[in-house]
2 protein chains.
Amino acid sequence: MLSEALESSWPVRFAGRSREQGPDEPESLEERVARAPVRTLEAKKHVFTEGDQRSHLYRVETGAVCLYKVLPDGRRQVVGFAFPGDLLGFGPAGAHQLNAQTTRPSRLRCLPWRSVERAARQNPTLAVTLWEAIAQELAVAHELLLTNGQRTATERVAAFLLTISRRNARRGEDDSLIILPMTRTDIGDLLALTIETVSRVFSSLRRERIIDLAQSCEVRIRDMESLERLAKGGGDL
Amino acid sequence: MLSEALESSWPVRFAGRSREQGPDEPESLEERVARAPVRTLEAKKHVFTEGDQRSHLYRVETGAVCLYKVLPDGRRQVVGFAFPGDLLGFGPAGAHQLNAQTTRPSRLRCLPWRSVERAARQNPTLAVTLWEAIAQELAVAHELLLTNGQRTATERVAAFLLTISRRNARRGEDDSLIILPMTRTDIGDLLALTIETVSRVFSSLRRERIIDLAQSCEVRIRDMESLERLAKGGGDL
DNA sequence: CGAACCATTGACCACCTTCAATGCGAGTGG
DNA sequence: CCACTCGCATTGAAGGTGGTCAATGGTTCG
């Protein structure tokens with residue numbers, strides 16, 4: 001979910017490095033994270049849960065992580081996913097306000113916050129990188145609020161698919177092939193829809209020849225323009 | 001919306017000050033903002049709009065500001081309100097991703113981001129204050145996602161009233177008297193409900209003797225426990 | 001092959017929206 | 001002072017989008 005932030009911060013980071021010299025040359029976040037120890041988790045395991053002490057900043061290497069909150073009676077709202085390259089574990093110092101659970105077997109690099117904070121203090125460029133990353137998180141949350149609050153079921157699913165498609169495009173991957181590393185339940189809890197509604201919308205998009213569904217987790221976009229029209233609010237089908 | 005962050009940052013800020021000495025003693029965010037120039041706005045005026053360059057960090061002195069996003073066809077999602085004491089104008093460097101509009105005549109203190117950034121570079125404690133503020137924003141957005149995505153209309157209104165009540169309590173004000181400086185439309189667009197539904201829920205809470213409605217903008221909580229039960233998901237009335 | 005899990009599809013229903021009318025308070029002008 | 005208007009809030013009746021309940025199907029793993 002944070003790769004955007006990390007990516008957009010690169011020019012800043014490199015600008016910072018070019019200024020720095022000497023034996024104490026500060027390391028970029030990228031460099032620090034690359035050396036960080038790896039934690040390997042099976043599918044459906046928690047990276048952290050609400051109330052846990054914030055201990056590490058994570059970066060997803062492989063797999064996928066689902067970020068969510070729950071009501072006392074069990075109703076669940078997914079607030080985002082973290083895919084390879086994304087940072088994870090933001091938030092105020094103190095206790096986590098979210099639950100983070102792998103949806104697949106995953107590998108995460110773990111950087112202690114203590115060290116991140118120390119580094120940010122010495123390297124303002126790294127602090128800017130972190131700021132841009134959390135600001136991007138905030139923008140993603142606001143966008144999801146707009147989607148879930150104002151768009152219809154079809155528009156929500158279209159917007160969801162486009163978000164992943166654009167992410168693929170930014171990474172130089174195929175923007176028309178979408179692999180969904182999460183269940184319909186996860187998607188439903190993200191978009192505030194039931195699994196039945198999500199499933200019906202997928203089926204209806206397939207009937208309209210807007211997508212193909214080779215498997216339930218593999219979506220091929222056949223008509224990008226129709227999908228974009230839907231996401232913008234151009235009528236339900 | 002950000003007073004929580006500002007307040008919770010005070011101990012940190014003071015701790016920082018006590019460490020700093022000499023003529024270059026860094027100023028806290030609070031001190032800087034107190035000296036910042038004031039901008040006076042009538043009701044319904046924009047502080048900034050989506051796409052504007054991020055220029056200032058604001059603090060609300062009086063009045064109230066509504067933060068929102070819109071879809072191309074005009075559908076609007078309010079993502080939060082900023083009340084006196086709250087900070088405003090966060091986000092990634094570059095263009096604003098939100099619109100900010102006063103709901104009442106308001107006065108804002110304006111601190112140029114350029115100066116905030118310079119100060120944060122020299123004063124790590126101020127950087128922490130800013131971090132805690134934006135992290136708090138993120139937590140608020142996630143909480144609203146949970147509310148709008150998983151709670152019923154009644155539960156959403158109850159949660160909304162409790163949020164303001166708790167804010168009042170934190171500021172040492174009466175937590176049972178709620179003045180709403182925004183219209184039903186603003187509340188509806190925050191909670192992803194129509195004004196009619198918001199109005200019906202208020203009326204129904206009044207019938208159940210959970211609140212009093214002296215005027216449409218003045219809510220008196222008569223039964224805090226029922227309200228809390230509702231917000232947690234303890235059945236609709 | 002059977003079990004478990006997930007996805008799909010259908011029928012019915014409920015919550016909230018839509019549409020419409022009325023009320024209410026503030027500001028304005030006769 | 002009262003009528004008028006405008007904006008906002010309230011209330012009612014009807015309708016639709018998405019939820020609930022239930023059955024079926026498909027895939028993976030033992």
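Per chain, numbering begins at 1; letters A, B, ... match sequence-line order.
- Following rounding to the nearest Å, B:Asp189 (CG) and D:dA9 (P) show an atom-to-atom distance of 12 Å.
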Give the table of side-chain donor-acceptor pairs shorter than 3.5 Å for residues 98-108 of chain B, with sequence neighbours excluded, one pair per line with atom names and distance.
unit_1	atom_1	unit_2	atom_2	d
B:Asn99	OD1	B:Glu50	N	2.9
B:Asn99	ND2	B:Tyr68	O	3.2
B:Gln101	NE2	B:Lys44	O	3.3
B:Thr102	OG1	B:Glu42	O	2.7
B:Thr102	OG1	B:Lys44	N	3.0
B:Thr102	OG1	B:Lys45	N	2.9
B:Thr102	OG1	B:Lys45	O	3.2
B:Thr103	OG1	B:Pro181	O	2.7
B:Ser106	OG	B:Ala64	N	3.2
B:Ser106	OG	B:Arg104	O	2.7

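- Residues A:Lys69 and A:Asp189 are not paired through a salt bridge, judged by the lack of any N-O separation under 4.0 Å between the basic side chain and the carboxylate.
- To the nearest 0.5 Å, atoms CD (A:Gln77) and CG (A:Leu67) are separated by 12.0 Å.
- A salt bridge (charged side-chain N to carboxylate O under 4.0 Å, His left out) with A:Arg220 is found for exactly one of A:Asp212, A:Asp175, A:Asp174, namely A:Asp174.
- Between the CD atom of B:Gln215 and the C1' atom of D:dC8 there is a distance of 13 Å, rounded to whole Å.
- Note: A:His56 and A:Tyr58 have tilted aromatic rings, judged against thresholds of 30 and 60 degrees for the angle between ring planes.
- Atom CD of A:Glu218 and atom C1' of D:dG26 are 16 Å apart (whole Å).
- Atom P of nucleotide D:dG18 and atom CD of B:Gln150 are separated by 15 Å, given to the nearest angstrom.
- Taking a cutoff of 4.0 Å between a charged side-chain nitrogen and a carboxylate oxygen, A:Glu155 and B:Arg75 qualify as a salt bridge.
- Atom CZ in A:Arg75 sits about 15 Å away from atom C1' in D:dT20, given to the nearest Å.
- Computed from coordinates, the B:Arg104 CZ to C:dA26 P distance equals 12 Å when rounded to whole Å.
- At a cut-off of 3.5 Å, with distance as the only test, a side-chain donor of A:Thr49 or A:Asp52 sits close to an acceptor on the other residue.
- A:Arg229 has no carboxylate O lying under 4.0 Å from a charged side-chain N of A:Glu208, or vice versa, which leaves the two without a salt bridge.
- In this structure, the CG atom of B:Asn148 is 12 Å from the P atom of C:dC16, given to the nearest Å.
- B:Arg151 places its CZ atom 18 Å from the P atom of D:dG19, with the value rounded to the nearest Å.
- The pair B:Arg39-B:Glu61 fails the salt-bridge criterion, with no side-chain N (NZ, NE, NH1 or NH2) lying under 4.0 Å from an Asp/Glu carboxylate O.
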Just by protein heavy atoms under 4.0 Å, how would nucleotides 3-12 of chain C read 5' to 3' in B, S and -?
----SBBBB-
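- Stretches of at least 3 consecutive Watson-Crick or G-U wobble pairs, with each checked distance under 3.5 Å, appear in DNA chain D as C:1-30 with D:1-30.
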